[in-house]
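One structure is given here, and the rest of the page talks about it.
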Amino acid sequence: MALNEGACRFGLWWVHVAWADDVVHRVRFAKTGEEGAVPPVVRRYIAGQRVDPASLQSTAAADHAPFAAIYRAVREVGYGSTATYGAIAAQAGTSPRVVGTAMKRNPTPLVIPCHRIVARDGIGGFTPDIGIKRALLRMEAGERRIFSR
DNA sequence: CAGTGTTCAGGAT
DNA sequence: ATCCTGAACACTG
């Protein structure tokens, strides 16, 4: 199957996805977009259903050894739960700061659920907007009003 | 070399 | 208890 591209609305943001079959090449958050095709599991996840986009595959870190172990560990934290940068670092055999850098450069958020990685005390960061991370976590926690609060 | 989506220990308030 | 520092951590550009 050829490379697909499409976007889906998520609150004030748009989720742009580029994928082929069930391997996702890129996920990107932007303030603009236009309704289009995205993988079904992504659309349902964004709509608040309890499905996990981490069930898809990602091209991330295919040949990037240091980050590969980190991304693998991150994918193991399931829907609705979280892990700290430190815990992921311990599991991947690296340091918490490297985990932070790996999360920032994550080419496929949602598929590699970097929003589930939080600071020891606090939420940690998120690019391009911390509000997205908050919304996702609230959504996975089962809250219905996930925006602006 | 400086800079990270961190964390920890130490010390002062 | 909270609020500073300073330092170590393992990469990246």
Side-chain angles (χ1 to χ4, degrees), chain A residues 3 5-20 22-33 38-39 41-149:
Chain A
L3 182 74
E5 283 185 74
C8 178
R9 181 112 190 237
F10 180 62
L12 305 168
W13 293 83
W14 290 83
V15 188
H16 290 73
V17 187
W19 81 106
D22 55 349
V23 37
V24 178
H25 291 240
R26 178 130 196 240
V27 175
R28 173 175 61 99
F29 290 95
K31 283 163 292 194
T32 61
V38 297
V41 60
V42 170
R43 183 170 297 281
R44 288 189 294 157
Y45 173 78
I46 289 302
Q49 295 184 38
R50 198 181 179 78
V51 294
D52 197 349
S55 60
L56 297 170
Q57 290 169 219
S58 169
T59 56
D63 60 347
H64 197 312
F67 286 2
I70 295 176
Y71 291 145
R72 203 177 313 126
V74 170
R75 293 181 63 119
E76 285 174 23
V77 358
Y79 192 108
S81 52
T82 59
T84 64
Y85 296 97
I88 297 296
Q91 191 180 331
T94 182
S95 87
R97 308 202 71 159
V98 178
V99 174
T101 324
M103 295 305 96
K104 184 174 185 177
R105 297 186 193 291
N106 177 13
T108 61
L110 303 188
V111 178
I112 292 171
C114 56
H115 60 281
R116 296 178 188 148
I117 310 307
V118 298
R120 188 176 188 283
D121 35 283
I123 191 174
F126 196 86
T127 310
D129 187 314
I130 190 63
I132 297 173
K133 187 175 186 175
R134 274 202 276 267
L136 292 172
L137 289 174
R138 300 165 68 88
M139 189 181 79
E140 293 193 9
E143 298 187 29
R144 285 182 290 187
R145 290 147 59 173
I146 59 173
F147 296 109
S148 71
R149 219 139 73 82

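Each chain gets a letter, A, B and so on, in the order the sequences are listed, and its residues count up from 1. On a predicted model such as this, the values are computed, not experimentally measured, just so you know.
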Base versus backbone protein contacts along nucleotides 3-13 of chain C [heavy-atom cut-off under 4.0 Å; B, S, -] = -----BBBSSS

ask   = How long is the line joining CD1 of Ile70(A) and C1' of dT6(B), in whole Å?
value = 12 Å

note = When every non-hydrogen atom of Thr84(A) is compared with those of Ala119(A), the smallest separation belongs to CG2-O, 4.2 Å

Donor-acceptor contacts under 3.5 Å from residues 121-131 of chain A side chains, at least two apart:
from: Asp129(A); atom 1: OD1; to: Gly131(A); atom 2: N; distance (Å): 2.5

query = Which whole-number value in Å describes the distance from Asn106(A) CG to dT4(B) C1'?
reply = 16 Å

ask   = For DNA chain B, what dot-bracket results from Watson-Crick or G-U pairs at under 3.5 Å, with [ ] for crossers and | for inter-strand partners?
value = ||||.||||||||

inquiry  = So Lys31(A) and Trp13(A), do their side chains get closer than 4.5 Å, heavy atoms only?
reply    = yes

task = Starting at CZ of Phe147(A), measure out to CZ of Arg134(A) and round the result to the nearest 0.5 Å.
result = 13.0 Å

task = Show your reasoning for whether side chain to side chain contact (heavy atoms under 4.5 Å, CB included) applies to Phe10(A) and Leu136(A).
result = CA-CA 10 Å; Phe10(A) 180 62; Leu136(A) 292 172; 3.7 Å; yes

I'd like a table of donor-acceptor pairs (distance under 3.5 Å, sequence neighbours excluded) in which one partner is a side-chain atom from residues 96-115 of chain A, with atom names and distances.
from: Thr101(A); atom 1: OG1; to: Arg97(A); atom 2: O; distance (Å): 2.8
from: Asn106(A); atom 1: OD1; to: Thr108(A); atom 2: N; distance (Å): 3.0
from: Asn106(A); atom 1: ND2; to: Ile112(A); atom 2: O; distance (Å): 3.0
from: Thr108(A); atom 1: OG1; to: Ser58(A); atom 2: OG; distance (Å): 2.8
from: His115(A); atom 1: NE2; to: Tyr45(A); atom 2: OH; distance (Å): 3.2
from: His115(A); atom 1: NE2; to: Glu140(A); atom 2: OE2; distance (Å): 2.9

message = Under 4.0 Å, heavy atoms only, any strand: does Ile123(A) hit a base, just the sugar-phosphate, or nothing?
response = nothing

key: Contacting residues from residues 77-90 of chain A, given that a heavy atom lies under 4.0 angstrom of DNA chain B   = Thr84(A), Tyr85(A), Gly86(A)

query = How close or far is atom P of dT4(B) from atom CZ of Phe126(A), stated in whole angstroms?
reply = 19 Å

note = Per-nucleotide protein contact along nucleotides 8-13 of chain B, 5' to 3', at a 4.0 Å heavy-atom cut-off (B base, S sugar-phosphate only, - neither), is S-----

query = Would Leu56(A) and Val42(A) satisfy side chain to side chain contact (heavy atoms under 4.5 Å, CB included), going step by step from the backbone distance to the final call?
reply = CA-CA 9 Å; Leu56(A) 297 170; Val42(A) 170; 4.0 Å; yes

query = Within this structure, what is the CZ-to-P distance between Phe29(A) and dG5(B), rounded to whole angstrom?
reply = 17 Å

message = If I take atom CZ from residue Arg116(A) and atom OH from residue Tyr79(A), how far apart are they, to the nearest 0.5 angstrom?
response = 8.0 Å

message = Could you report the tightest heavy-atom contact between Arg43(A) and Ala7(A), atom names first, then the distance?
response = NH2-O, 4.1 Å

request  = Would you kindly give the NZ-to-C1' distance between Lys133(A) and dG5(B), to the nearest whole Å?
outcome  = 6 Å

ask   = Angle class for the Tyr71(A)/Phe67(A) ring planes (parallel below 30°, perpendicular above 60°, tilted otherwise)?
value = perpendicular

ask   = side chain to side chain contact (heavy atoms under 4.5 Å, CB included) between Phe29(A) and Val15(A): does it pass, once the steps are laid out?
value = CA-CA 5 Å; Phe29(A) 290 95; Val15(A) 188; 3.8 Å; yes

request  = Determine, step by step, whether Arg28(A) and Trp14(A) satisfy the side chain to side chain contact (heavy atoms under 4.5 Å, CB included) criterion, reporting the C-alpha distance in whole Å, the side-chain angles of both residues, the deciding distance to 0.1 Å, and the verdict.
outcome  = CA-CA 8 Å; Arg28(A) 173 175 61 99; Trp14(A) 290 83; over 6 Å; no

key: Arg75(A) side chain vs Ala54(A) backbone, donor-acceptor pair below 3.5 Å   = yes

